Amino acid sequence: MDTFSVVLENKTKSSTLYAHVTGTGSEGLVMLQADGKTLYHPTSPSKTLQPPGADIAIKVGGPGESKTLTVPRISGGRIWFCEEKPLTFLVNPGPALVEPSATNPADPNYELDWSFCEFTYNQAELYVNVSYVDFVSAPISLKLETESGAVKSVPGLPAGALETVSAKLQEQGQRDGAGWEKLVIRSKDGSRILRALSPNSGAVLKPGLFDGYYQAYVDEVWSKYGGEELRVNSQFKWGDASGRVRGDGLLTFDDVGSFSKPSARDIFSCSTGPFAAGPGVSEHMLNIGARLAAAFNRSTLLVNTEQPEGERIAQYYREPVTNHYARICHETSIESRGYAFPYDDVGSSSAADQSGFINDPKPKVLTVAVGAPL
């Protein structure tokens with residue numbers, strides 16, 4: 001089928017929950033209109049920051065109420081939620097969507113309580129996940145019923161998780177003085193917690209945050225692999241590659257490429273410095289970079305020379321210097337599942353999923369609950 005059903009459930013305490021669906025269709029940018037079933041294709045405006053030109057605010061209703069959507073094939077899709085009032089979306093020439101921002105205090109959505117989950121529905125399958133890559137806010141949980149009768153789920157975060165995550169970040173900040181408490185973002189009047197940012201988002205909102213944080217750990221890794229080999233399994237057609245730090249100070253994988261020492265920003269973003277794409281950077285290099293970035297976020301490179309197939313979840317985040325935001329997200333999540341950094345789906349092929357995704361080639365009904373698990 002070219003559509004599937006999505007049931008949205010309001011499990012928050014807010015009087016009204018709104019939803020928006022955005023993504024890319026066969027003709028570019030698409031949105032669902034307020035009826036939850038009619039597809040809308042915004043035209044390219046002549047100026048930046050223009051309204052979409054249609055009502056795209058889907059009213060889910062009050063606590064305990066639900067709304068059923070009919071969703072067509074969309075790639076790079078998001079289902080956005082906002083409590084009490086709709087989000088503001090704008091369109092730039094292209095057309096290109098201007099999404100709500102958690103790192104721009106001037107954004108019209110900044111003071112609102114909003115969240116999202118991600119999905120792609122193409123000819124091969126439906127893929128959907130809960131994401132904490134940008135921030136934690138209202139809990140989202142997923143349940144997928146397939147045409148075959150199977151049921152797959154991601155319970156996500158429990159009710160009240162934002163307060164739990166925020167308290168743990170504040171505790172970690174007191175423990176190591178690295179600034180984790182600065183990821184907790186409050187409303188202008190200080191009356192409520194809006195969200196807990198990821199360190200990558202935090203560094204955008206607060207430039208300089210975590211500068212130098214990983215330096216000592218990276219130096220230890222470089223020292224270790226100056227004397228022994230690091231083996232990285234591509235989990236793809238390239239198989240294994242062996243790397244070693246050479247005299248030029250680069251971690252070099254023969255016949256593939258070399259990596260310089262990453263900064264904390266490179267590690268948290270997984271996409272800058274030695275992990276960046278660009279001219280001359282092969283797919284194999286990006287593949288190895290993803291596995292190195294995941295190992296740095298989890299701080300496992302000093303205990304595991306076989307990445308990522310030798311990884312054990314029990315060893316993740318055990319070092320004092322690690323991505324404590326990701327650690328806290330997984331500690332708080334039911335079943336420890338949910339994307340907490342961009343390559344949280346990297347891991348041993350025999351290990352339990354950490355990234356909080358579900359997929360199926362023949363979806364029937366996807367239920368998404370906001371505010372508490374299904």
Side-chain angles (χ1 to χ4, degrees), residues 4-14 16-23 32 36 58-69 71 74 77-84 87 102 113-121 125-146 149-166 168 193-196 198 325-341 344-345 352-360 363-374:
F4 72 105
S5 296
V6 178
V7 178
L8 308 180
E9 294 188 2
N10 181 5
K11 290 181 173 288
T12 73
K13 296 178 181 179
S14 297
T16 307
L17 181 70
Y18 290 89
H20 307 263
V21 179
T22 66
L32 275 191
I58 302 166
K59 190 173 182 179
V60 178
E65 293 189 304
S66 63
K67 174 74 173 180
T68 300
L69 316 182
V71 180
I74 292 176
R78 282 185 173 181
I79 305 174
W80 309 77
F81 300 97
C82 192
E83 300 176 38
E84 304 298 353
L87 288 166
D113 296 309
W114 56 278
S115 55
F116 63 84
C117 62
E118 301 174 320
F119 75 98
T120 284
Y121 180 44
E125 64 176 3
L126 169 69
Y127 174 96
V128 57
N129 69 271
V130 293
S131 177
Y132 318 132
V133 169
D134 296 330
F135 58 85
V136 166
S137 55
I140 291 177
S141 64
L142 311 170
K143 181 178 72 174
L144 177 63
E145 300 171 58
T146 72
V151 176
K152 305 176 182 182
S153 64
V154 177
L157 290 164
L162 176 57
E163 288 71 22
T164 302
V165 169
S166 298
K168 289 184 176 183
I193 298 173
L194 294 174
R195 59 194 66 93
S198 69
Y325 169 84
R327 171 183 64 80
I328 291 167
C329 285
H330 285 294
E331 283 179 359
T332 308
S333 295
I334 302 167
E335 298 181 359
S336 298
R337 297 169 66 199
Y339 265 97
F341 63 89
D344 213 354
D345 56 341
D353 166 58
Q354 291 285 289
S355 62
F357 80 92
I358 47 181
N359 65 319
D360 195 86
K364 184 179 179 182
V365 180
L366 172 68
T367 302
V368 184
V370 183
L374 285 160

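As the structure is a prediction and not an experimental result, all values here were calculated from the model.
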Any chance you could lay out the side-chain hydrogen bond (donor to acceptor under 3.5 Å, both in side chains) test for Ser355 and Asp353, step after step, and finish with the verdict? CA-CA 6 Å; Ser355 62; Asp353 166 58; 2.7 Å; yes
Start with the C-alpha gap between Glu118 and Asn129, add the side-chain angles, then the distance that decides, and say whether side-chain hydrogen bond (donor to acceptor under 3.5 Å, both in side chains) holds. CA-CA 5 Å; Glu118 301 174 320; Asn129 69 271; 3.3 Å; yes
Decide side-chain contact (heavy atoms from CB on, under 4.5 Å) for Phe357 and Asp345; before the verdict, give the C-alpha distance in whole Å, the side-chain angles of both, and the deciding distance to 0.1 Å. CA-CA 9 Å; Phe357 80 92; Asp345 56 341; 5.8 Å; no
What do the steps show when you test Leu144 against Val151 for side-chain contact (heavy atoms from CB on, under 4.5 Å), and what is the final call? CA-CA 6 Å; Leu144 177 63; Val151 176; over 6 Å; no
Run the numbers on Asp113 and Glu84 for side-chain contact (heavy atoms from CB on, under 4.5 Å), then give the verdict. CA-CA 8 Å; Asp113 296 309; Glu84 304 298 353; over 6 Å; no
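In this structure, the separation between OH on Tyr339 and SG on Cys117 is 13.5 Å, given to the nearest 0.5 Å. Taking CZ from Arg337 and CG from Leu142, the interatomic distance works out to 9.0 Å, rounded to the nearest 0.5 Å. Atom-to-atom distance recorded for Ser115:OG and Arg195:CZ is 10.0 Å, nearest 0.5 angstrom. From Ile358, atom CD1 reaches atom CG of Leu366 across 6.0 Å, with rounding to the nearest 0.5 Å. Rounding to the nearest 0.5 Å places OG1 of Thr367 at 6.0 Å from CG of Leu374. Residue Ile79 holds its CD1 atom at 8.5 Å from CD1 of Ile140, rounded to the nearest 0.5 Å.
A donor-acceptor pair is defined here as one N or O able to donate and one able to accept, closer than 3.5 Å; such a pair exists between the side chain of His20 and the backbone of Leu87. A donor-acceptor contact shorter than 3.5 Å is absent between the side chain of Asn10 and the backbone of Gly64. Side-chain N or O atoms of Arg78 include none that pairs as donor or acceptor with a backbone N or O of Gly23 at under 3.5 Å. Not one N or O on the side chain of Ser333 forms a donor-acceptor pair closer than 3.5 Å with the backbone of Glu335.
Contact between Leu157 and Pro139 at its shortest, heavy atoms only, is O-CB, 3.3 Å. Residue Ser137 comes nearest to Leu194 through the heavy atom pair CB-O, 4.1 Å, listed as atom of the first residue, atom of the second, then distance. In terms of heavy atoms, Ser336 sits closest to His330 at O-ND1, 2.6 Å. When all heavy atoms of Val6 and Val368 are compared, the closest pair comes out as CG1-CG2, 4.2 Å. Considering all non-hydrogen atoms of both residues, Ser141 and Pro155 come closest at CB-O, 3.1 Å. Considering every non-hydrogen atom in both Thr120 and Gly77, the closest pair reads OG1-N, 4.4 Å.
Residue pairs that meet the side-chain hydrogen bond (donor to acceptor under 3.5 Å, both in side chains) test with at least one member in residues 151-162, sequence neighbours left out, are Lys152-Asp360.
Annotation: side chain of Thr146 is not in contact with side chain of Lys364 (no heavy-atom distance under 4.5 Å). Between Ile58 and Lys67, the closest side-chain pair of non-hydrogen atoms falls below 4.5 Å. Contact check for Tyr132 versus Ser198: no side-chain heavy atoms found under the 4.5 Å cut-off. Put simply, the side chain of Tyr325 reaches to within 4.5 Å of the side chain of Val136, judged on heavy atoms. Counting only heavy atoms from C-beta outward, the side chains of Lys168 and Glu331 approach each other to under 4.5 Å. Counting heavy atoms from C-beta outward, Pro363 and Tyr121 have side chains that approach closer than 4.5 Å.
Between Leu8 and the choices Val370, Thr68, Leu17, Leu69, the side-chain contact (heavy atoms from CB on, under 4.5 Å) rule is met once, by Leu69.
For the side-chain hydrogen bond (donor to acceptor under 3.5 Å, both in side chains) test, residues two or more places apart in sequence or in another chain that qualify with Asn359 are Glu125. Under the rule for a side-chain hydrogen bond (donor to acceptor under 3.5 Å, both in side chains), Glu163 has no partner lying at least two apart in sequence or in another chain.
A tilted orientation is assigned to the rings of Trp80 and Trp114, their planes being inclined by 30° to 60°.
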